[in-house]
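The first residue in the sequence is number 1, and the count goes up from there. As the structure is a computational prediction, the values presented were derived from the model and not from experiment. The basis for the numbers below is simple: all heavy atoms, side chains too, and nothing from hydrogens, waters or symmetry mates.
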Amino acid sequence: MIGMLFLAAIVVWVMQTLLALWQFRRFNRRVKELRRFGRVAIGKSKGRFLAGAIVLLCIDEDCRIIKGELLEGVTVFAKCRPFTALNELNLLSIHKSICEERGLTRQQVKAALNARQDYLSYQELQQEKRHVSVTPAGR
């Protein structure tokens, strides 16, 4: 009896791992497809009792959002769907009130703001790397 429960737990764990890997691969494919159009900012919002949200925002050279996708759900079967609520806005000018005006849910707002913040952090890191590579060693 206990052996069967142990075996069932292992089977469920293996299935969950395989399904999570499957979802991760699908997600990565979507990111690669969006990168054909420009840079992609990714924001996430974890949900404890609500479904989490992941926002993919494709931006041009001026940080204008040209395409967006949303992954939202509680299961590994959730798929990316078109997300046009923020199209044509500048990623750097997004804030909570704009998101709410455009009808985003609380989780979507958090994910969009997270994408903005992660993009800003990435840009700061890139500038630091450029500054370090330009500065001569020993000074």
State, yes or no, whether a side-chain contact exists between [X] and [Y] at a heavy-atom distance under 4.5 Å.
X	Y	value
Gln127	Lys129	no
Leu57	Val40	no
Ile42	Ile54	yes

Could you give the distance from [atom1] ([X]) to [atom2] ([Y]), rounded to the nearest 0.5 Å?
X	Y	atom1	atom2	result
Leu120	Cys63	CG	SG	8.5 Å
Lys67	Arg36	NZ	CZ	8.5 Å
Phe27	Glu69	CZ	CD	9.5 Å
Ile65	Leu92	CD1	CG	9.0 Å
Lys46	Lys44	NZ	NZ	7.0 Å

Those residues at least two apart in sequence (or on a different chain) that pass salt bridge (Lys or Arg N to Asp or Glu O under 4.0 Å) with Arg29 are none
For Asp60, the salt bridge (Lys or Arg N to Asp or Glu O under 4.0 Å) test, sequence neighbours excluded, returns Arg64
Heavy atoms of Gly38 and Cys58 approach each other most closely as N-SG, 3.6 Å
Show me, pair by pair, the donor-acceptor contacts under 3.5 angstrom made by side chains of residues 7-24, not counting sequence neighbours?
residue	atom	partner	partner atom	Å
Thr17	OG1	Trp13	O	2.9

Could you pull out all donor-acceptor pairs under 3.5 Å where a side-chain atom in residues 96-105 meets a protein atom, sequence neighbours excluded?
residue	atom	partner	partner atom	Å
Ser97	OG	His95	ND1	2.8
Arg102	NH1	Ala85	O	2.8
Thr105	OG1	Gln108	N	3.2

The residue among Lys110, Arg81, Lys79, Arg106 that forms salt bridge (charged side-chain N to carboxylate O under 4.0 Å, His left out) with Glu72 is Arg81
Residues passing the side-chain hydrogen bond (donor to acceptor under 3.5 Å, both in side chains) test with Arg39, sequence neighbours excluded, are Tyr119
Taken in chain and number order and not counting sequence neighbours, the residues that satisfy side-chain hydrogen bond (donor to acceptor under 3.5 Å, both in side chains) with Asn90 are none
Test side chain to side chain contact (heavy atoms under 4.5 Å, CB included) applied to Ile94 and Leu86, step by step:
CA-CA 9 Å; Ile94 291 176; Leu86 301 176; 4.0 Å; yes
- Message: When you group the ILVMFWY residues by side-chain heavy-atom contacts below 4.5 Å and let the links chain together, are Leu71 and Val31 in the same group?
- Response: yes
Tested for side chain to side chain contact (heavy atoms under 4.5 Å, CB included) against Cys80, the lone hit among Leu56, Val55, Leu34, Leu70 is Leu56
